[in-house]
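Each chain gets a letter, A, B and so on, in the order its sequence line appears, and its residues count up from 1. Because only heavy atoms are used, hydrogens play no part in the values below, and waters and symmetry mates are left out as well, while side chains stay in.
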Amino acid sequence: MPDPAEQAAFLTRNTVEDLPKGALEARLKAAAGERRPLRVKLGLDPTAPDLHLGHTVVLQKLREFQDFGHRVVLIVGDYTARVGDPSGRSQSRPPLTGEQIDANAATYQDQAFRVLRDDPELLEVRRNSEWLDMGMEELFRLARTTTVAQLLERNDFANRFAARTPISILELLYPLMQGYDSVAIRADVELGGTDQTFNLMLGRDVQRAYGMAEQCVLTVPILPGLDGVEKMSKSLGNQIGVTDAPEEMYGRTLSLPDAAMPDWVALLALDGVPAQAGPRDTKRAIARAIVRRFHGDAAALAAEEAFDRVFITHELPDVVPDITVDAGDDGMVHLPAVIATAFGRSRSEARRLLAEGAVKLDGAPTGEADLASGAVAGKVLQVGKRSYVRVHLGSTER
RNA sequence: GGCGGGAUUCCUGAGCGGUCAAAGGGGCGCGGCUGUAAACCGUGUGGCUCUGCCUUCGAAGGUUCGAAUCCUUCUCCCGCCA
């Protein structure tokens with residue numbers, strides 16, 4: 001195992017801040033002296049069930065801690081999720097129900113294991129309901145640790161306060177609860193995105209108030225989403241989910257603006273991306289590396305081939321779903337109805353698509369709404385560039 | 001407690017009694033182009049048994065030949081004063 005200085009150097013690469021400066025190295029030394037691993041905290045809010053690449057940046061960093069033998073404490077914020085952290089938002093989030101939180105927490109945990117090592121020595125998963133379901137007395141003690149002025153230093157609170165948009169007491173409580181998590185699990189280090197800096201630092205204050213050594217704070221950069229500008233987030237639709245299908249991951253990655261490529265390579269710590277290559281080849285390598293990480297080598301190559309086939313040579317994908325339709329009494333097939341059921345669109349929309357020339361049968365554009373059953377049987381119905389279905393006639397044809 | 005302002009289609013935001021399925025922007029769809037599902041340009045964007053019909057403008061009532069637009073009550077949100 002590398003010595004503390006080497007570990008610190010490795011662990012702080014690709015991070016934004018290590019606060020207070022040099023604290024991580026000092027803590028690593030102290031822990032080494034006590035012959036114990038660090039307790040490294042990450043809180044996850046189970047507000048949405050699916051993890052995306054943006055989450056994996058910090059998970060990847062946690063994984064590095066694990067690889068040095070440190071213990072990651074993953075906190076599923078089942079209690080804080082009921083509050084809704086307003087970080088970076090102008091509005092508080094709607095609270096979730098208990099069942100939603102439980103379901104989300106389960107999938108979160110599951111998906112986090114695609115990056116983290118699931119070894120009980122190296123990983124501890126806790127829920128903050130274990131300690132946040134506290135009595136008033138205890139809440140008072142927590143509330144006394146911080147002043148409103150301190151909380152208002154946080155940017156989004158300050159902005160909202162200045163703009164006179166509402167800030168609920170509950171939201172102000174959020175950073176305190178997150179800080180209390182650090183007390184409860186005796187965190188040595190807490191990780192988070194740069195948008196979490198305030199909360200992470202406040203955790204130190206709370207720990208101090210409880211007579212505990214203050215945690216080190218390590219912030220990682222925010223991964224830009226597929227638009228190359230906004231933070232990757234599901235609500236913006238610019239994300240790649242860790243459970244996305246290989247072809248989906250590959251194709252979506254190719255839509256990344258060229259300028260965002262270096263960030264992705266660095267933040268995601270991708271391997272096998274050539275440093276000197278044209279943007280086209282670089283991006284293809286990035287896409288392959290991402291698919292490889294979550295689905296393996298074979299899937300990466302297959303995804304690339306599938307993409308080339310559909311988007312470059314405009315051939316059919318290798319798997320085309322089948323659909324069975326029935327012709328009407330007159331032996332005609334009503335295309336809008338078929339499109340509506342096959343692709344989950346409305347019939348009105350299907351008619352528009354038909355009129356726009358977006359509908360093809362075996363590659364040939366069709367504008368007709370009604371076709372003789374013989375004209376569609378066995379053919380591939382295509383809507384747009386990405387939706388295909390092979391049409392079969394039902395047994396009730398006459 | 002008092003006084004004002006507001007709730008519109010996925011989001012934002014016009015609309016101020018008929019010409020409103022409702023401007024503009026965003027998003028999204030489709031087409032073109034491209035190494036790409038990017039950028040850019042064009043176009044579309046409530047539903048349906050589609051030259052017409054049905055449903056929508058916080059909720060419920062009402063006025064009117066006719067209401068997103070006027071009135072009443074209710075619900076929720078915001079601001080100011082205390």
Is it the case that the side chain of [X] and the backbone of [Y] share a donor-acceptor pair, with hydrogens and angles ignored and the cut-off at 3.5 Å?
{"X": "A/Arg309", "Y": "A/Pro317", "result": "no"}
{"X": "A/Asp244", "Y": "A/Gly241", "result": "yes"}
{"X": "A/Asn238", "Y": "A/Lys231", "result": "yes"}
{"X": "A/Thr15", "Y": "A/Leu11", "result": "no"}

Spacing between [X] atom [atom1] and [N] atom [atom2], to the nearest angstrom:
{"X": "A/Arg345", "N": "B/C48", "atom1": "CZ", "atom2": "P", "result": "13 Å"}
{"X": "A/Asp263", "N": "B/A38", "atom1": "CG", "atom2": "C1'", "result": "16 Å"}
{"X": "A/Phe343", "N": "B/C28", "atom1": "CZ", "atom2": "C1'", "result": "18 Å"}
{"X": "A/Trp264", "N": "B/A38", "atom1": "CH2", "atom2": "P", "result": "14 Å"}
{"X": "A/Asp227", "N": "B/G26", "atom1": "CG", "atom2": "C1'", "result": "13 Å"}
{"X": "A/His314", "N": "B/C33", "atom1": "NE2", "atom2": "P", "result": "9 Å"}
{"X": "A/Phe307", "N": "B/A38", "atom1": "CZ", "atom2": "P", "result": "9 Å"}
{"X": "A/Glu356", "N": "B/G29", "atom1": "CD", "atom2": "P", "result": "12 Å"}

Base paired to [N] (Watson-Crick or G-U; both N/O distances under 3.5 angstrom):
{"N": "B/C33", "result": "none"}
{"N": "B/G52", "result": "B/C48"}
{"N": "B/U72", "result": "B/A60"}
{"N": "B/G79", "result": "B/C3"}
{"N": "B/G18", "result": "B/C65"}
{"N": "B/C10", "result": "B/G26"}

Contact check, side chains of A/Val72 and A/Arg117, non-hydrogen atoms, under 4.5 Å:
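They are not in side-chain contact.
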Under 6.0 Å from the ring centre and within 45 degrees of the ring axis: does the NZ or CZ of A/Arg208 meet both conditions for the six-membered ring of A/Tyr210?
no
Which nucleotide in the set [options] lies at the smallest distance from any side-chain heavy atom of [X]?
{"X": "A/Ser255", "options": "B/G31, B/A38, B/G35", "answer": "B/A38"}
{"X": "A/Arg352", "options": "B/U45, B/C48, B/G32", "answer": "B/U45"}
{"X": "A/Leu353", "options": "B/G35, B/G31, B/G29", "answer": "B/G29"}
{"X": "A/Ser348", "options": "B/G35, B/U45, B/C48", "answer": "B/C48"}
{"X": "A/Lys385", "options": "B/C30, B/C33, B/A38", "answer": "B/C33"}
{"X": "A/Pro279", "options": "B/G35, B/G31, B/G44", "answer": "B/G35"}
{"X": "A/Arg347", "options": "B/G29, B/C48, B/A38", "answer": "B/C48"}
{"X": "A/Ile312", "options": "B/G35, B/A38, B/G47", "answer": "B/G35"}

Please classify the nucleic acid contact of [X] as base, sugar-phosphate, or nothing, using heavy-atom distances under 4.0 Å.
{"X": "A/Glu247", "answer": "base"}
{"X": "A/Gly251", "answer": "base"}
{"X": "A/Asp258", "answer": "base"}

Please determine whether any donor N or O and acceptor N or O are separated by less than 3.5 Å between the side chain of A/Glu349 and the base of B/G44.
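Such a pair does not exist between side chain and base.
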Given the [atom1] atoms of [N] and [M], what is the spacing between them in whole Å?
{"N": "B/G29", "M": "B/G62", "atom1": "P", "result": "44 Å"}
{"N": "B/U45", "M": "B/A22", "atom1": "C1'", "result": "14 Å"}
{"N": "B/U9", "M": "B/U56", "atom1": "P", "result": "13 Å"}
{"N": "B/A14", "M": "B/A82", "atom1": "P", "result": "31 Å"}
{"N": "B/G26", "M": "B/A7", "atom1": "P", "result": "23 Å"}
{"N": "B/G15", "M": "B/C40", "atom1": "P", "result": "30 Å"}
{"N": "B/G4", "M": "B/C71", "atom1": "P", "result": "15 Å"}
{"N": "B/C16", "M": "B/A21", "atom1": "P", "result": "14 Å"}

Roughly how far, to the nearest 0.5 Å, is the CG atom of A/Leu24 from the NZ atom of A/Lys29?
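The NZ atom of A/Lys29 sits 10.5 Å away from the CG atom of A/Leu24.
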Are more than 12 heavy atoms, taken from residues, nucleotides or ligands other than A/Arg186, located less than 6.0 Å from that residue's CZ atom?
no
Name of the residue among A/Lys41, A/Glu214, A/Gln207 meeting side-chain hydrogen bond (donor to acceptor under 3.5 Å, both in side chains) with A/Ser182:
A/Lys41
Following the transitive rule for hydrophobic clusters with a side-chain heavy-atom cut-off under 4.5 Å over Ile, Leu, Val, Met, Phe, Trp and Tyr, establish whether A/Leu122 and A/Leu28 coincide in one cluster.
no
Which letters describe nucleotides 8-13 of chain B, given B = protein heavy atom under 4.0 Å from base, S = only from sugar-phosphate, - = neither?
------
If each of A/Met261 and A/Ser346 is mapped to the nucleotide of RNA chain B with the nearest heavy atom, which maps nearer the 5' terminus, i.e. the 5' end?
A/Met261
